[in-house]
Colleague: 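The structure that follows is given in the form of structure tokens.
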Amino acid sequence: MSEGEVRVRVAPSPTGDPHVGTAYQALFNYAFARGRGGKFVLRIEDTDRARSTKQSEEAILESLRWLGLPWDEGPDVGGPHGPYRQSERSEIYREHVNGLLKAGHAYRCFCTVERLGEMRAEQRAKGEMLGYDRLCRSVAAQESQKRANSRESFVVRMKVPVEGHCVIHDILHGEVHKDWASVDDQIILKSDGFPTYHLANVVDDHLMGITHVIRGEEWLNSVPKHLKLYEYFGWTPPLFCHLPLLRNEDKSKLSKRKNPTSIHYYRRAGYFPQALLNFLGMMGWLMPNGEEKFTLEEMCENLKLEDISLGGPVFDRQKLKWLNARYIREDYTDEALHEELERWAINREMNGRIVPLAHMRLQTLADWGYLTAAFFADEVPVNPEDLLMKGKTAEELAGIFQMTIWKLEELQDFSKGFLEILFQELAEKFEVKLKQFTMPYYVALSGRKAWTPLFDSMEVLGSDMTRMRLRRAIDLLGGISGKKLRKLENEYSAMFD
RNA sequence: CUCCCCAUCGUCUAGCCUGGUCUAGGACACCGCCCUUUCACGGCGGCGACACGGGUUCAAAUCCCGUUGGGGAGGCCA
């Protein structure tokens with residue numbers, strides 16, 4: 001690593017679907033690194049052992065590859081600062097935590113989750129600041145050691161100043177001031193021995209020689225903790241640049257409830273990676289010449305972090321669609337588009353999956369187009385009046401669809417067999433015969449009352465497209481209010497836990 | 001509730017740093033007209049914003065303060 005070389009990273013957490021927000025962060029990091037002749041590192045932050053999955057990690061890597069954002073160092077390609085998967089760096093974190101413990105910059109906390117919960121409830125009731133009350137700070141070193149030796153469960157917290165003032169320098173936000181009193185003693189090592197984000201991120205960014213931390217604004221509040229850790233370790237912190245958060249139509253942080261957020265969805269829905277990238281690049285930034293259609297290369301050449309605007313951009317799918325259309329019109333001959341369609345879905349492989357489902361349902365070959373159209377579509381036209389389940393109101397059906405989506409999100413293997421088992425379970429729970437239960441799903445997923453067999457078809461459609469269409473069906477049924485949603489979540493956990 | 005961030009058309013944004021050239025420019029969406037066997041594309045036009053209130057100044061979208069609004073964070077999630 002030569003002096004002055006730019007090194008940036010994207011550090012996704014492999015929990016769930018590959019998120020467009022990850023792509024957004026990756027894009028700006030990548031473009032900045034490329035434009036400055038630097039290196040772009042991919043690091044997997046899988047310290048949450050309960051939620052991280054290998055499957056999700058693979059999906060993220062695959063999605064970034066599809067988008068055309070290759071990394072110079074990462075878990076798959078290796079590099080001089082590996083391993084690039086945090087779950088494989090436990091030893092490194094443990095050493096650093098021990099160093100902090102020894103130097104008195106951190107301490108063991110033996111408080112139970114129950115006590116912490118009560119404490120928070122009390123603070124909330126009193127309208128106080130929410131945060132750890134530092135009870136265990138006063139546990140003497142000897143006693144702390146003794147309790148740890150006797151295998152009492154503990155976490156490690158960093159010491160944060162009780163008073164004073166912290167100044168953050170951010171490339172986009174300038175100076176940000178924060179009182180230490182508004183920051184509590186953050187847990188840096190969990191009781192399972194894994195570090196939390198704060199510790200792992202600081203240690204890794206330093207060890208991996210990261211020069212610029214470009215990430216979402218949601219992290220701005222925790223920079224003081226990070227700075228304090230850099231100070232404790234005696235390291236020079238990197239430069240920080242906090243990007244605005246992508247937003248839903250109602251300006252809240254982009255979420256899968258209100259928008260398709262999975263990169264897989266956009267791929268399945270027939271968007272070009274270069275168009276999606278271009279669109280994300282347009283969120284908060286514009287080419288100096290004002291041109292809205294630009295290549296990744298052009299973005300790399302022209303991106304200046306200081307030019308990014310701070311207002312949270314709404315992810316407007318309509319404009320994405322328009323942009324994608326420009327790519328189709330301007331960058332493809334008929335011949336090239338034909339090839340692109342084949343690459344997408346109009347191919348032997350796809351037909352091979354559908355033919356067995358359609359076979360007995362075709363009276364003539366010409367029935368094919370109408371019968372299978374839903375497999376080659378983004379949204380399908382649904383008549384809300386056809387969205388009915390015997391014995392259930394529209395509102396109840398919306399709730400059932402929502403719980404189905406949650407179940408599908410948990411499904412490890414989106415294939416016919418598992419789907420069948422799942423739907424049998426659902427039908428039973430809601431006390432509806434399977435046949436009656438599945439009926440509205442045909443409508444929601446295909447726009448038709450009669451279609452190819454449901455579970456096979458869902459498998460072909462894929463998890464993301466299936467969930468998107470169910471979500472749209474919920475909207476068609478009148479949507480689910482926030483209050484109703486919370487109630488639903490409770491019912492859901494009561495029903496399935 | 002506490003802290004932090006943000007604030008130009010419905011949306012993405014230009015302009016703001018270096019006040020005057022801004023009766024605020026472009027794009028998406030919407031509406032109308034033209035092109036056209038339909039639609040789409042394309043062309044032309046329309047609708048449409050400096051959140052509000054104070055300052056500073058000869059002059060403020062641009063600088064300062066306050067208010068309001070929005071967002072984020074406050075997890076043994078990241």
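Chain A is the first sequence line, chain B the second, and so forth, proteins listed ahead of strands; every chain is numbered from 1.
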Colleague: What interatomic distance, in whole Å, is found between P of C41(B) and the corresponding atom of U23(B)?
Modeller: 34 Å
Colleague: Are Lys293(A) and Glu291(A) ion-paired here, with the side-chain N under 4.0 Å from a carboxylate O?
Modeller: no
Colleague: Salt-bridge test for Lys256(A) and Glu409(A): reply yes if a basic N is under 4.0 Å from a carboxylate O, no otherwise.
Modeller: yes
Colleague: Pick base, sugar-phosphate or nothing for Gly290(A), based on heavy-atom distances below 4.0 Å to the nucleic acid.
Modeller: nothing
Colleague: Measure the spacing between CG of Leu245(A) and CD of Gln25(A) and express it to the nearest 0.5 Å.
Modeller: 7.5 Å
Colleague: Base, backbone or nothing for each nucleotide of nucleotides 72-78 of chain B, written B, S, -, heavy atoms under 4.0 angstrom, 5' to 3'?
Modeller: BSBSBBB
Colleague: Expected output is a numbered-order residue list: members of residues 90-107 of chain A with a heavy atom under 4.0 Å from any atom of RNA chain B. What is it?
Modeller: none
Colleague: Counting only Watson-Crick or G-U wobble pairs whose two distances fall under 3.5 Å, which nucleotide matches C63(B)?
Modeller: G55(B)
Colleague: Quick one: Glu175(A) CD to C4(B) P, roughly how many Å, whole number?
Modeller: 14 Å
Colleague: Is there a side-chain polar atom (N or O) of His173(A) under 4.0 Å from OP1 or OP2 of C4(B)?
Modeller: no
Colleague: Between atom CZ in Phe240(A) and atom C1' in C4(B), what is the gap in whole Å?
Modeller: 15 Å
Colleague: Pick base, sugar-phosphate or nothing for Gly284(A), based on heavy-atom distances below 4.0 Å to the nucleic acid.
Modeller: sugar-phosphate
Colleague: Under 4.0 Å, counting only non-hydrogen atoms across every strand here, what does His177(A) touch: a base, just sugar-phosphate, or nothing?
Modeller: sugar-phosphate
Colleague: Please list, for nucleotides 39-47 of chain B, all pairs of protein and nucleotide N/O atoms separated by less than 3.5 Å.
Modeller:
| residue | atom | partner | partner atom | Å |
| --- | --- | --- | --- | --- |
| G42(B) | OP1 | Arg329(A) | NH1 | 3.4 |

Colleague: Could you check whether any side-chain N or O of Tyr271(A) sits under 3.5 Å from a backbone N or O of Tyr265(A), counting only pairs where one atom can act as donor and the other as acceptor?
Modeller: no
Colleague: When the P atoms of U2(B) and C9(B) are considered, how many whole Å apart are they?
Modeller: 29 Å
Colleague: Taking A7(B) as the reference, what is the distance to C12(B) when you measure between their C1' atoms (whole Å, please)?
Modeller: 15 Å
Colleague: Grab the CG-C1' distance between Leu286(A) and U11(B) for me, whole Å please.
Modeller: 14 Å
Colleague: If the P atom of C52(B) is compared with that of G69(B), how far apart are they to the nearest Å?
Modeller: 15 Å
Colleague: Check this for me, if you would: do Asp133(A) and Arg115(A) make a salt bridge, where the nitrogen-to-carboxylate-oxygen distance has to be below 4.0 angstrom?
Modeller: yes
Colleague: Whole angstroms only, please: what is the CZ-C1' distance between Phe315(A) and G71(B)?
Modeller: 18 Å
Colleague: Taking atom CD of Glu249(A) as the centre, does the number of heavy atoms from other residues, nucleotides or ligands within less than 6.0 Å exceed 12?
Modeller: no
Colleague: Can you figure out which of C4(B), A27(B), C12(B) approaches the side chain of Glu292(A) most closely?
Modeller: A27(B)
Colleague: For the C1' atoms, the ones on C31(B) and on U37(B), what distance do you get once it is rounded to whole angstrom?
Modeller: 25 Å
Colleague: Rounded to whole angstroms, how far apart are CD on Glu249(A) and P on G71(B)?
Modeller: 14 Å
Colleague: Between Glu231(A) and His105(A), is the side-chain hydrogen bond (donor to acceptor under 3.5 Å, both in side chains) condition met? List the steps.
Modeller: CA-CA 10 Å; Glu231(A) 184 190 314; His105(A) 293 314; over 6 Å; no
Colleague: Using purine N1 to pyrimidine N3 plus N6-O4 or O6-N4 for Watson-Crick, or N1-O2 and O6-N3 for G-U wobble, both under 3.5 Å, which nucleotide pairs with G69(B)?
Modeller: C6(B)
Colleague: Measure distances between side-chain N and O atoms of Lys319(A) and base N and O atoms of A29(B), and say whether any donor-acceptor pair falls under 3.5 Å.
Modeller: no
Colleague: Considering only the C1' atoms, how many Å lie between A51(B) and U8(B), rounded to the nearest integer?
Modeller: 10 Å
Colleague: In whole Å, what is the span from the CG atom of Leu310(A) to the C1' atom of U8(B)?
Modeller: 14 Å
Colleague: Suppose you measure atom P in C47(B) against the same atom in A27(B); what distance do you get, rounded to whole Å?
Modeller: 15 Å
Colleague: In sequence, state the C-alpha distance, the side-chain angles, and the governing distance for Asp46(A) and Arg49(A), and then conclude on salt bridge (charged side-chain N to carboxylate O under 4.0 Å, His left out).
Modeller: CA-CA 7 Å; Asp46(A) 55 351; Arg49(A) 77 213 188 322; over 6 Å; no
Colleague: Okay, side chain of Asn278(A), backbone of Glu292(A): is any donor-acceptor separation there less than 3.5 Å?
Modeller: yes
Colleague: By nearest atom, which of the nucleotides G71(B), A29(B), C5(B) is closest to the Gln318(A) side chain?
Modeller: A29(B)
Colleague: Using a strict 4.0 Å threshold on nitrogen-to-oxygen distance, state whether Lys54(A) and Glu57(A) make a salt bridge.
Modeller: yes
Colleague: Considering the options Tyr30(A), Tyr24(A), Phe32(A), which one meets the ring pair (Phe, Tyr, Trp, His ring centres under 6.0 Å) requirement together with Phe28(A)?
Modeller: Tyr24(A)
Colleague: I need the CZ-P distance between Arg215(A) and C4(B), as an integer number of Å.
Modeller: 18 Å
Colleague: Do the side chains of Asp205(A) and Arg43(A) get close enough for a salt bridge, i.e. N-O under 4.0 angstrom?
Modeller: yes
Colleague: For G19(B) and C77(B), measure between their P atoms and round to the nearest Å.
Modeller: 50 Å
Colleague: Under a 4.0 Å N-O cut-off, is there an ion pair linking Glu340(A) with Arg343(A)?
Modeller: yes
Colleague: In whole angstrom, what separates Leu320(A)'s CG from A29(B)'s C1'?
Modeller: 14 Å
